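Following: one structure in structure tokens, then a few remarks.
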Amino acid sequence: MSAKYVYTFGDGKAEGKSDMKNLLGGKGANLAEMSNIGVPVPAGFTITTEMCTVYYKMERNYPPELKTQSHDAMANVEKSMGASFGDRDNPLLVSVRSGARVSMPGMMDTVLNLGMNDTTVLGLIKQSGNERFGWDSYRRFVQMYGDVVLGMKPESKEEEDPFEIVLKAKKKAKGVELDTDLSAEDLKELVAEFKALIKDRLDLAFPEDPWEQLQGAIDAVFGSWMGARAIRYRKLNGIPAEWGTAVNVQAMVYGNMGEDSGTGVAFTRDPATGENRFYGEYLINAQGEDVVAGTRTPQPVNAAGKTADDQVTLEEVMPEAYKTLEGIYLKLEKHYKDMQDIEFTIQKHKLWMLQTRGGKRTAAAAIKIAVDMVDEGMIDKKTAVSRVEPEQLDQLLHPTFDPKATRNVIAKGLPASPGAASGRVVFHSDDAEEWADRGEKVILVRIETSPEDIGGMDVAQGILTQQGGMTSHAAVVARGMGKTCVAGCGAIRISYKEKKFKVGDTVVAEGDWISLDGSAGEVMTGQVATVIPELSGDFGTLMSWADEIRTIGVRTNADSPKDSMVALDFGAEGIGLCRTEHMFFEGDRIKAVREMILADDVEGREKALAKLLPYQREDFYGIFKAMAGKPVTIRLLDPPLHEFLPHEEANQQEMADEMGVTAEVVKGKVDSLHEFNPMLGHRGCRLGLIYPEISAMQARAIFEAACKLKKEKIDCLPEVMIPLVGAVGEYTNQRDIIVETAKKVFAEQGIEVDYLVGTMIEIPRACLVADKIAEHAEFFSFGTNDLTQMGFGYSRDDAGKFLPHYVDAGVLEDDPFQVLDQEGIGQLVQMGIERGRSTRKDLKIGICGEHGGEPKSIKFCAKIGMDYVSCSPYRVPIARLAAAHAALEAEKGEIQRDK
Ligand code: PEP
Ligand code: MG
């Protein structure tokens, strides 16, 4: 039997279903599912994603069975819709859309009215009894086909669509303003002019044969899978090229057949806040693309969505259709048990559903919807937790505008995606990327956005558009990215040419600072002050469910009582890394540190260290107290000493004056500490080996602080950590100093505290000899920043120059300093764990490199048996949720294995 590449749907049945997303794409699977559950869907068929893969394997050719299968499927559609493809009297017209597993901007846009030609247009006119409608559909088709399939859509940002230029000229010649004022005769002329334009530009006769048109559209969909924009989007979102896209061919229904027709998009719940209310926009006498294109401002479907009194709702103008729509949205949400994003068309009062899919939502909405659906008995807690993406939480963990700050609001648009953003205005996506590369914060300001703007949107703090509704490209994409967005801000007038926008008399030029409040839709001049968010309510509920599910601990990297408190509020269960070097820079301490470095002998160093001791003791006391008995891992001094000395001549002079030595002495010291490769130089435990008095002072500060707390009856649990160990001897040397110091302090204080001594594992050799190290170490903490640096041989400080290129070129999937390289560095970590636990079963193991806050890496850490991950305070909730996801995935894996 030959392979099946085509699946039909419509008429209350389908060959596919919703769990066939991998084969049919998201859109195709859902169209099939809607058919199956009796939702009115125009009949059609889906060409599978497998065909896409075969197409590329066959060097952009098709196996012969595609043709026969498509013809059979088309016959099915013809039967269902009572019309024939290419028929002169009663023509069937179709739409052609791409549809990957996940919705993907950057793929081919939709082609509507496919099947129109000089003959079928007459049939359409006969069927609809509307000559103007027939010619309007035809001219739209020629334009779309020319733009999308024949590639005439302008590439550059300043260029205008060539068909739009002809259309404008026509309107001018006829003395009318709106497209709708053009007569049937005008539109007929336009069709001829559009075709002439195609002939002129491409030396190509417009294809009249509907099957040839369909073939062209299918080629274009599959071709767009390897287009630059799609590749770029895939890269940004980690979508593999092997997935391929499906093609959906579906009978046309018309929202532009007159005042009794319309089209719209809606969400079953509010995608910005998560509120349980049906929320959508529609346009009367329009085709689907008009709603999202932002060229006409859509109206709300119901009273709840009204933002102005003069708006007219669908509920008011077509109560019957609205009622049906309401029934369908409830049915869909109940069926899918999730908030849906739906597209509908009303043709002569009859409602058709064109699409349903899980709706993109802000983090706040995702949480509210998940928690509400548990309350409504629709889903269980585990499903709720799995519905919120860990990385998405980032949106909620950052500051919002200070309610007390002065706001100079110059315009109001739609609150398309919440958040507080300040940045400098840029008008083009590539400018945004260029400025962001220079470290500038930017706000991307566009008349409207399109998939070409993805890169710019990604780097911008926020997005402001002049046109478009809550479902415009800018709004949908921004919500998905968690970016602040104010859309459809009609009060601003943008001039790309002058790189300015105007609001009344105010002129805002490129480079000027503005602020956007995505929740209020406000545009403000200047930078507005922000405050830290409060996390409670639904957020707290969802996080508590995540905590019930996860099996791995979450600690934080913090080196001050303040950061510790923030992390505790975010749910940290301990400190996984306290970097003590940061403490050496504060206030007068740096002076003592420099004295120690300048000293020529042990006595001199000890004298300087004695000055540092009380400061360090206070630091540790504050942190232990804040953490109230939770484990606190304190790492002994790590960076090379030259980092504490000034390198500029003027600053060296200043230091010399302060220390009472000559500038030459300072310069001499700086020179003597110079290293060719400081990251591989005299740092980490190597400092403590040469200057044991430094380790002794730090250990003393730790234990004196701990004893003080114990005397105050406050619990504390210090874990002293030795950095950069590669040889067992390094570890034991430092361990001895710590243990000796503890003994001395306990004897002096007359009290003892529990503590652990362990090590960072951040040198590849340490992974290899982990069994020997673990004979002496009570815990390991994987320093995957250094382990990545040394495992790959990429300098942490310099890799930024080439790694982005590696990722772009596909040499590496991700930047290994951000996402743990499981294939390579991950093996080192696994080996370290296995070998370590081979000699010490109860060895406590965590990670404190940047990867400890990155969801994919966290899942890996959970899988390979770590006890905890540690990350920056603001990432703690992300880590808690990612850890819960890891547990859920493991559970699913178990279930699948059991089966
Ligand atoms: C590490 O190397 O992963 C680590 C946490 O230490 P640092 O980043 O301070 O070198
Ligand atoms: Mg390190």
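Numbering of ligands and ligand atoms starts at 1, following listing order. Computed from a prediction, not measured in an experiment: that's the story for all the values here.
Between D671 atom CG and K669 atom NZ the span is 11.5 Å, to the nearest 0.5 Å.
For the pair OE1 of E762 and OD2 of D786, the angle at the Mg ion (ligand 2) is about 90°; rounding is to 10 degrees.
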Under 3.5 Å, which donor-acceptor pairs do the side chains of residues 598-614 form with other protein atoms, sequence neighbours left out?
{"unit_1": "D601", "atom_1": "OD1", "unit_2": "G604", "atom_2": "N", "d": "2.8"}
{"unit_1": "R605", "atom_1": "NE", "unit_2": "E693", "atom_2": "OE2", "d": "2.5"}
{"unit_1": "R605", "atom_1": "NH2", "unit_2": "E693", "atom_2": "OE2", "d": "3.4"}
{"unit_1": "K611", "atom_1": "NZ", "unit_2": "E595", "atom_2": "OE1", "d": "2.6"}
{"unit_1": "K611", "atom_1": "NZ", "unit_2": "E595", "atom_2": "OE2", "d": "3.1"}

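For residue D638, no N/O/S atom approaches the Mg ion (ligand 2) to within less than 2.8 Å.
Between H647 and H642, the distance separating the two ring centers is shorter than 6.0 angstrom.
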Full working for side chain to side chain donor-acceptor pair (under 3.5 Å) between H776 and T732 = CA-CA 7 Å; H776 311 278; T732 47; 6.0 Å; no
Within the protein, flag every N or O under 3.5 Å from an N or O of ligand 1, and note the pair and distance.
{"unit_1": "ligand 1", "atom_1": "2 (O)", "unit_2": "E762", "atom_2": "OE1", "d": "2.9"}
{"unit_1": "ligand 1", "atom_1": "2 (O)", "unit_2": "D786", "atom_2": "N", "d": "3.0"}
{"unit_1": "ligand 1", "atom_1": "2 (O)", "unit_2": "D786", "atom_2": "OD2", "d": "3.1"}
{"unit_1": "ligand 1", "atom_1": "3 (O)", "unit_2": "G783", "atom_2": "O", "d": "3.3"}
{"unit_1": "ligand 1", "atom_1": "3 (O)", "unit_2": "T784", "atom_2": "N", "d": "3.1"}
{"unit_1": "ligand 1", "atom_1": "3 (O)", "unit_2": "N785", "atom_2": "N", "d": "2.7"}
{"unit_1": "ligand 1", "atom_1": "3 (O)", "unit_2": "N785", "atom_2": "ND2", "d": "3.2"}
{"unit_1": "ligand 1", "atom_1": "6 (O)", "unit_2": "R635", "atom_2": "NH1", "d": "2.9"}
{"unit_1": "ligand 1", "atom_1": "8 (O)", "unit_2": "R579", "atom_2": "NH2", "d": "2.8"}
{"unit_1": "ligand 1", "atom_1": "8 (O)", "unit_2": "N785", "atom_2": "ND2", "d": "2.9"}
{"unit_1": "ligand 1", "atom_1": "8 (O)", "unit_2": "R796", "atom_2": "NH2", "d": "2.8"}
{"unit_1": "ligand 1", "atom_1": "9 (O)", "unit_2": "R579", "atom_2": "NE", "d": "2.8"}
{"unit_1": "ligand 1", "atom_1": "9 (O)", "unit_2": "R579", "atom_2": "NH2", "d": "3.3"}
{"unit_1": "ligand 1", "atom_1": "9 (O)", "unit_2": "R635", "atom_2": "NH1", "d": "3.0"}
{"unit_1": "ligand 1", "atom_1": "9 (O)", "unit_2": "R635", "atom_2": "NH2", "d": "2.9"}
{"unit_1": "ligand 1", "atom_1": "10 (O)", "unit_2": "D786", "atom_2": "OD2", "d": "3.0"}
{"unit_1": "ligand 1", "atom_1": "10 (O)", "unit_2": "R796", "atom_2": "NH1", "d": "2.8"}

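Atom CG of D754 sits in a sparse spot, with 12 or fewer heavy atoms from other residues, nucleotides or ligands closer than 6.0 Å.
Relative orientation of the F584 and F644 rings is tilted, given thresholds of 30° and 60° on the angle between their planes.
Tested against R555 for a side-chain contact (heavy atoms from CB on, under 4.5 Å), the candidates T633, V869, I847 yield a single pass: T633.
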